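As the structure is a prediction and not an experimental result, all values here were calculated from the model.
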Amino acid sequence: MKESIIGYTVYENSNEFLGIADITLPDIERKSIEIQGAGMNGTVNSPVLGQVNAMSMTFNFRTHTKEQHSLFEGRVHTLDLREAVQGRNPITGEVEVTPHKYVVKVMPTKLSKGKLAPASTADASGEYAVSYFAEYIAGKKITEIDPYNYICIINGIDELANVRKALGK
């Protein structure tokens, strides 16, 4: 049973970013269409296989840092986010640590400088458009969303394998 995040780190090009207070990971929302017509007595919202809406994420910073500004450089940033998750073995009661890793490709869209006030945090933040997202739990790929390459893996299942095949990819 998973209980909490013990800690996390963020890397770009093997360099660790410091000063990031917390991160809001992207929501993964399926694109859907409304189905209605003859023979139906209403409408149905139908998700389209493997299609997702645009993703974004937010980094919050306690203070103003050079890392905050480097993440705002107008280029694709490939980031490796690693967390240690605490859980408890339900049989033995022993505490266990499971590694979780997220790989994201982001481009900055907004830099909020926050505030200046004595004896307080700056509450600065950055918002980023996400063009690639992958999640690994204990070394196993669980999720991969790559709109540029027709990849949508959810819980280890490649939802677009047959679509790529149909398209000759």
Counting distance only, does the side-chain N/O of [X] pair as donor-acceptor with the main-chain N or O of [Y] below 3.5 Å?
X      : Y      : value
Asp158 : Leu160 : yes
Asn149 : Ile151 : no
Arg30  : Pro47  : no
Thr92  : Glu94  : yes
Ser4   : Gln86  : no

Nearest heavy-atom neighbours spanning [X] and [Y]:
X     : Y      : value
His77 : Leu71  : NE2-O, 3.3 Å
Gly50 : Glu159 : N-OE1, 3.4 Å
Thr78 : Glu12  : O-CG, 3.6 Å

Could you give me the CA-CA distance, side-chain angles and deciding distance for Glu135 and Arg82, then say whether salt bridge (charged side-chain N to carboxylate O under 4.0 Å, His left out) is met? CA-CA 10 Å; Glu135 178 180 5; Arg82 295 175 181 252; over 6 Å; no
[Y] reachable from [X] in the ILVMFWY side-chain graph, under 4.5 Å edges:
X      : Y      : answer
Ile23  : Leu111 : no
Val52  : Leu25  : yes
Tyr132 : Tyr102 : no
Val85  : Val104 : no

With rounding to the nearest 0.5 angstrom, report the [atom1] to [atom2] distance, [X] to [Y].
X      : Y      : atom1 : atom2 : value
Lys105 : Arg75  : NZ    : CZ    : 13.0 Å
Met107 : Ser131 : CE    : OG    : 8.5 Å
Phe17  : Gln68  : CZ    : CD    : 11.5 Å

Does NZ or CZ of Lys141 fall inside the cone over Tyr136's six-membered ring, less than 6.0 Å from its centre and within 45° of the axis?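 No - Lys141 does not lie over the ring of Tyr136 by the 6.0 Å and 45° rule.
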Passing option when Met57 is tested against Leu81, Leu79, Thr24 for side-chain contact (heavy atoms from CB on, under 4.5 Å):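 Passing option: Leu81.
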Would you call Asp123-Arg62 a salt bridge at under 4.0 Å N-O?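 No, this pair does not count.
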Suppose we screen for ring pair (Phe, Tyr, Trp, His ring centres under 6.0 Å). Which residues come up paired with Phe61, at least two apart in sequence or across chains?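 Not a single residue meets the ring pair (Phe, Tyr, Trp, His ring centres under 6.0 Å) criterion with Phe61.
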